[in-house]
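Atoms within a ligand are numbered from 1 in the order they appear, just like the ligands themselves.
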Amino acid sequence: MELSDKGKPAIDILQNIEGFIGYSENNIPKLHKGKSRSLILTELEDRLKIDLNYSSGKVLGAMTTPPHDFARYIYTRFIDRNLGDRGLNPGTAAIEKEVIEMLGNLLGDPFVDGNITSGGTEANIIAMLLTKQINSDIKEPSIVIPESAHYSFDKAAILMGLKVKRARLLPNFHLDLNHYESLIDDNTIALVGILGTSALGLIDPIEKIGKLAGKYNKYFHVDAAFGGLVVPFMEELGYKFSPYNLKIHEICSYTVDPHKMGMSVNPSGSLLVKNSNVNSFKFEIPYLAGGAFSSYNILGTRPGASAISFWGLMQFMGKQGFVENVRHCLENTYYLRDQIEEISQLKIATEPDMNVLGIQLTSKANMSLDKFNSLLRQKGWALGVFKQWNLLRTVMMPHIRKSHIDEFLKDVKAIF
Ligand code: 0PR
């Protein structure tokens, strides 16, 4: 049957094509024949069953977790607030400012400016845009990032025509600071350090990078999308860290994501900006109904409910609530680490700095990482895969229970 058959309804033609599986309902139903809510909800429940669910524990390698119930409630209640036009929503704008101050306070400096963003990607891109504007006289701008930096910096580089210089990692996956420094030159417009790398949750030497930023007079951005809401709470639990927070005066901006370890709703990131170091370059839209306001965002219309929910969640949980949550995540991390060390076919990639644990195969496994991962996937386990470092990532997010880890280990042992 040819597609060009004339005189036949299109659907008849389609039905004769190998692989045709049925009518796809990608048209809006005719208005007068809209379906009932319950029918639609039943259909959605049914269709979305194939999405992995967090309560199964199988989402063992992602940096997301179901948002806290109270954050969900607040989000839906105030879902109509648009921070893109702050003058129309002065209450929401004030709440956003308080959230930024609270995050700043947690990270060592309440006198920061900033905004809630759609996530870490947007925050990192804005930071690169800020330094690009500040250094507009540099014709071939480049940024120096650790090899372990998130893809958002590559996206920023593509968007702004930046050259990316990647500093090597040492065998233990920590940053090779000597190599990092060797990449800095006159064209460098940003130094980036990470608090909680995507692959292994490792902490870069933030204070030392700050010293380099001072020495070479460079813009310094810290990507604490994950670790920004982990490390301060670990300190409360007695863990000691070399200086990492906004008290380091060379830092210009800082990314922290409430939708990761802040247990808030998607989308919720944030960019904290140190006014003292950044000559307040903001985007101003003059024609808005609520009046001209400027912000650091790339998005226009943006969910005020993200700011409001995280404000409510911080009030509700208090510092102690987050501390307990982090304690639970760390207990699971160390439990998994100890168990992995008992399995001769596996080893940990490096000692964890927070609740992210990398797993590698030993020669005893006699199997490729791809094969191991696909066997785990067949059993439903979703881990992060970092092929360049031959490791699988597990993230002990708040929804993970010890019983999930035991299930995982049972399946792992059955593979060998
Ligand atoms: N900075 C770091 C250090 C990150 O790990 C991430 C993303 C970002 C920035 C960007 O954040 P957004 O995704 O909010 O823009 N970290 C997660 C990761 O790469 C993103 C993610 C989350 C991916 C859940 C998959 C997933 O299922 O793992």
Quiz item: So, H221 and T255: side-chain donor and acceptor under 3.5 Å apart, yes or no?
Solution: yes

Exercise. If a pair satisfies ring pair (Phe, Tyr, Trp, His ring centres under 6.0 Å) and one of its residues is in residues 305-352, list it, with sequence neighbours excluded.
Key: H68-F316, F70-F316, F233-F322

Self-check item: Lys/Arg-Asp/Glu bridge criterion (N-O < 4.0 Å) met for E96, R81
Solution: no

Exercise. Examine F372 together with F416 and report whether their ring centres are nearer than 6.0 Å.
Key: yes

Exercise. Please work out which of the three classes, parallel, tilted or perpendicular, describes the rings of W389 and F386, given edges at 30° and 60°.
Key: parallel

Dump the pairs for me: ligand 1 N or O, protein N or O, distance under 3.5 Å, to 0.1 Å.
| unit_1 | atom_1 | unit_2 | atom_2 | d |
| --- | --- | --- | --- | --- |
| ligand 1 | 1 (N) | D223 | OD1 | 3.2 |
| ligand 1 | 1 (N) | D223 | OD2 | 2.6 |
| ligand 1 | 5 (O) | S198 | OG | 2.7 |
| ligand 1 | 11 (O) | G120 | N | 3.4 |
| ligand 1 | 11 (O) | K260 | NZ | 2.8 |
| ligand 1 | 14 (O) | G120 | N | 3.0 |
| ligand 1 | 14 (O) | D257 | OD2 | 3.3 |
| ligand 1 | 14 (O) | H259 | NE2 | 2.7 |
| ligand 1 | 14 (O) | K260 | NZ | 3.0 |
| ligand 1 | 15 (O) | G120 | N | 3.4 |
| ligand 1 | 15 (O) | T121 | N | 2.8 |
| ligand 1 | 15 (O) | T121 | OG1 | 2.5 |
| ligand 1 | 28 (O) | R393 | NH1 | 2.9 |
| ligand 1 | 28 (O) | R393 | NH2 | 2.7 |

Quiz item: Does the salt bridge (charged side-chain N to carboxylate O under 4.0 Å, His left out) test come out yes or no for K97 and E101, once each step is laid out?
Solution: CA-CA 6 Å; K97 191 164 181 293; E101 284 165 6; 3.0 Å; yes

